[in-house]
Amino acid sequence: MEKNRKLLPKFVVKEMESLFLEELRSSINLLMSNLESLPVSKGTTDSKYGLRKFGRYNNSFRRSRRGTTSSISKSDTDGGETALNKLDVVLSFNLEVIVQEVQGLKSLPPNRIIYCTMEIEGGEKLQTDQTESAKPHWDTQGDFTTTHPLPVVKIKLYAENARIIRFDDKELAKLVIRPTPSTNKTAEWNKMETTAKGFPDKDIKIRLTLRMDRPQNLKCSGYLYALGKHVWKKWKKRFMILVQVSQYTFAMCSYKEKKSDPTEMTTLDGHIIEYTEAVTEYDGGRFFFNATKDNEALLFASDDENERHQWVQAMYRATGQAVKPQPPPTTTVSSAKAPLNSPLSKLQGDTDKARKHGMDAFCTTDPVKVDHSAYFKNLQTLTLDHRLNDMFASLGWFSPGQIFVLDEYCARYGVRGCHRHLSYLDDLLARAERGMAIDPTLMHYSFEFCASHVHGNRPDGIGTVILAEKEKFDEVKERLRHLLEYQITNFRYCFPMGRPEGALKSSLSFLERVLMKDIVTPVPPEEVKSVIKKCLESAALVNYTKLSAQAKMDDNDGKQQLLHNHENHNGQPMRKIEDILHLAELCIDLLQQNDECYEEEFKSAFTWFTDLLVEHSEIFWSLFAVDLESVILSQPPDTWEGFPVFQVLNDYLIHNPYMAGGTFHQQLKNMFAPLVVRYVDLMESSIAQSIHKGFEKETWKADEHGCAASEELIWKLDALQTFISNLHWVGNGDRSATALLRLYIPNYLARRGSRETL
């Protein structure tokens, strides 16, 4: 422990070092248990060739055959290598035979019925359809399943017996094929052997396609010369197959024809694969390579250099050795090119690409010396960028395939879950800060995982907390708070029209969670309310500033036309009234949108949110009141163009139960009260003058509804009535309301009385 203490990271609490080692053992034992079940179901940790679990109390690390810290001293185990059983490497092959046509039947009558049979020796027999010898075409497919790596396929051609007393049909010719997993899968012509006595046609050919699909755990196959100490003791050519028994267990097996069990086999665990020079003392084989382990060596040779390269690469991947085998300088793969479109040609192309982009050096790097946490962060960042560039809106969520790859990387290379989610949060925050749409629920999930880990409240118990993780979590938490406050302040632009649905509510709940000091103690409601209140106060300024800028842009579009219509000196005040009226309409539309799209989201998050929304609206209107007051003061005396602005605002406010009689409503009435009183006083004086002067000059001649003086009086009273009703003035005993009531009711009654009298 003391020897390896420098290799351990710094922890929040020093006593976590021993717990950290226990976590490593558990995670790697779980990894080995999972890997042993893939891709072959036979491979489990309970099997005699499975990976050994870590010793509980032995803490000495050693490098495994894969170059990783994946094993501990085998003091608790017997340390012996257990041989595989032949039943562990049984393979299953799917064989597909397609009989297409026959040529060379010259002596048969054109109407003679012929057909073909196909069978695997020792298996079932299938038959094609019957056809006339003049048209020997079938395209009939036969599917077989066999456990023989070297099966024998027999194709026979028959002619139907045309005699009255019928016996067995006559066998004309046959073809015996011995396919291998690497057999060419294209249609080919094959010459058949004539079997019927006295049959003159000796040049019969059959066109067929033969496909032998290799199972998933067959990694390489072909003929090799082999020699070993305990197996393959005689140098001769054998059909060899590299079989993956479990995730980390591979076996080299030799087979004979029509046999499903291997004749001899050995595991490659711990072997080192290398190219070797030609050995002249053995008869057979031109290109050599070996597999060595301790003082044991297996020597192999192939007749083709490309085949040797293919075998070496497959065995190198099977052993997982740290150093990649390098071919001798005098004989390279490029000296003998494989046929175009062949599997080997594709392998060579992939190898060239890997060498070009530097992947060779990357693959041969010792995994122990690699900072997998940094590699994983880079991988996850690139994966997220690729996901966000999809044509579909992912909002930061990975696809199932991407999650599988990231999970595998973390499990295989020991990337800590807290580091993974902190890196994910960091990437999501960086993109959200740039204005990209990120689902707050996704960030909430990752934050909860990191918070439970850092605060020691994980569902699976207390785990180790690295000091770097704690510092990164505090940094991310502070950035999250600023981001959420920004989003709430700019809720109209971060969540336009309340979309994505539920995102604003999630952000509010997320903010409450971020404000918590730990994962257990809830944050006081007053603190949450104070933070959100501050955000909404800033939101009022942001919304009004952007709305004012929009109104100015809209007004500039028609500015030239309006200036042409108001060329006199009084055109500028009128222009200001029109601008402020347009701005008032935009403000009303904005607040109505807030009520329709955001009010339910706010209320569903917190019950006390209604009061904050009312305060937000009051602050918003207070900013508008400053501009409105400056416009009203700039108007000449005894002008009434500002009354439409009052009517629009007052109509909105009296129908809003939260804003009616509020601060801005009172301020609005106080602002227009002098103008209203002045207008009523002028109308009162005008009516009085009409009565005094009109009746003096009255001739008392009958008019349409009375005399001329009464018509003028009634018209003025009607204009005053229309003005008062359109204002919708609601007073609470103030001077302006009293004046309106004092004038409106008597004059209305006087109007009705004058009409009845006249």
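Quick note: residue numbers are just sequence positions, from 1.
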Self-check item: Shortest non-hydrogen contact between Val243 and Cys253, atoms and distance
Solution: CG2-SG, 4.3 Å
Quiz prompt | Validation row: Val245, Val89 side chains within 4.5 angstrom (heavy atoms) | solution = yes
Quiz item: Closest heavy-atom contact between Tyr255 and Leu150?
Solution: O-CD1, 4.1 Å
Quiz item: Within a strict 4.5 Å, meaning less than it, do heavy atoms of the Arg238 and Glu264 side chains meet?
Solution: yes
Exercise. Find out whether Lys154 and Lys174 are in side-chain contact, i.e. whether some heavy atom of one side chain is under 4.5 Å from a heavy atom of the other.
Key: no
Practice problem: Consider only side-chain N and O atoms of Asp143 and Gln141, and report whether a donor and an acceptor are under 3.5 Å apart. | Solution: yes
Exercise. State, yes or no, whether a side-chain contact exists between Asp371 and Tyr375 at a heavy-atom distance under 4.5 Å.
Key: no
Practice problem: Grab the two heavy atoms, one from Met16 and one from Gly463, that are nearest each other, plus how far apart they are. | Solution: CE-O, 4.0 Å
Quiz item: Is Trp138 close to Val102 at the side-chain level, that is, under 4.5 Å between some pair of heavy atoms?
Solution: yes
Quiz item: How long is the gap from NZ on Lys472 to OG on Ser423, to the nearest 0.5 Å?
Solution: 7.5 Å
Exercise. Please report the shortest heavy-atom distance between Lys10 and Ile466, naming the atom on each side.
Key: O-CG2, 3.2 Å
Exercise. Step by step, work out the side-chain contact (heavy atoms from CB on, under 4.5 Å) result for Ile120 and Glu124.
Key: CA-CA 7 Å; Ile120 292 181; Glu124 60 180 335; over 6 Å; no
Exercise. Using a 4.5 Å cut-off on heavy atoms from C-beta on, say whether the side chain of Glu296 contacts that of His230.
Key: yes
Practice problem: Inspect the surroundings of NZ in Lys202 and state if more than 12 heavy atoms from other residues, nucleotides or ligands are less than 6.0 Å away. | Solution: yes
Quiz item: At their closest point, which heavy atom of His271 faces which heavy atom of Ala291, and how far apart are they?
Solution: CD2-O, 3.7 Å
Practice problem: Please report the C-alpha distance between Leu208 and Ile98 in whole Å, then the side-chain angles of each, then the deciding distance to 0.1 Å, and finally whether the side-chain contact (heavy atoms from CB on, under 4.5 Å) criterion is met. | Solution: CA-CA 5 Å; Leu208 54 84; Ile98 303 176; 5.9 Å; no
Quiz item: Any side-chain donor paired with an acceptor under 3.5 Å for Gln402 and Thr383?
Solution: no
Self-check item: Leu422 CG to His419 NE2 distance, which is reported to the nearest 0.5 Å
Solution: 8.5 Å
With a 3.5 Å cut-off and sequence neighbours excluded, list the donor-acceptor pairs that the side chains of residues 281-289 form with protein atoms.
none

Quiz item: Which value, rounded to the nearest 0.5 Å, describes the distance between Thr183 atom OG1 and Ile177 atom CD1?
Solution: 9.0 Å
Quiz item: Trp311 and Ser302: side-chain donor and acceptor closer than 3.5 Å?
Solution: no
Quiz item: To the nearest 0.5 Å, what is the distance between CD (Glu307) and CG (Leu224)?
Solution: 7.5 Å
Practice problem: Taking atom NE2 of His137 as the centre, report whether more than 12 heavy atoms of other residues, nucleotides or ligands fall under 6.0 Å from it. | Solution: yes
Quiz item: Salt bridge or not for Asp427 and Lys377, using N-O below 4.0 Å?
Solution: yes
Quiz item: Would you say the side chains of Tyr409 and His372 form a donor-acceptor pair under 3.5 Å?
Solution: yes
Exercise. State, to 0.1 Å, how close Ile204 and Gly104 come at their nearest heavy-atom pair, and which atoms those are.
Key: CG1-O, 4.1 Å
Quiz item: Out of Trp397, Phe449, Phe376, Phe398, which one pairs with Tyr424 under the ring pair (Phe, Tyr, Trp, His ring centres under 6.0 Å) rule?
Solution: Phe398
Quiz item: Heavy atoms, side chains only, cut-off 4.5 Å: are Pro327 and His309 in contact?
Solution: no
Quiz item: How long is the span from the NZ atom in Lys205 to the CZ atom in Arg207, to the nearest 0.5 Å?
Solution: 12.5 Å
Self-check item: Close side-chain approach of Met212 to Pro151, heavy-atom, < 4.5 Å
Solution: yes
Practice problem: Could you grab the distance from atom OH of Tyr225 to atom CE of Met240, nearest 0.5 Å is fine? | Solution: 13.5 Å
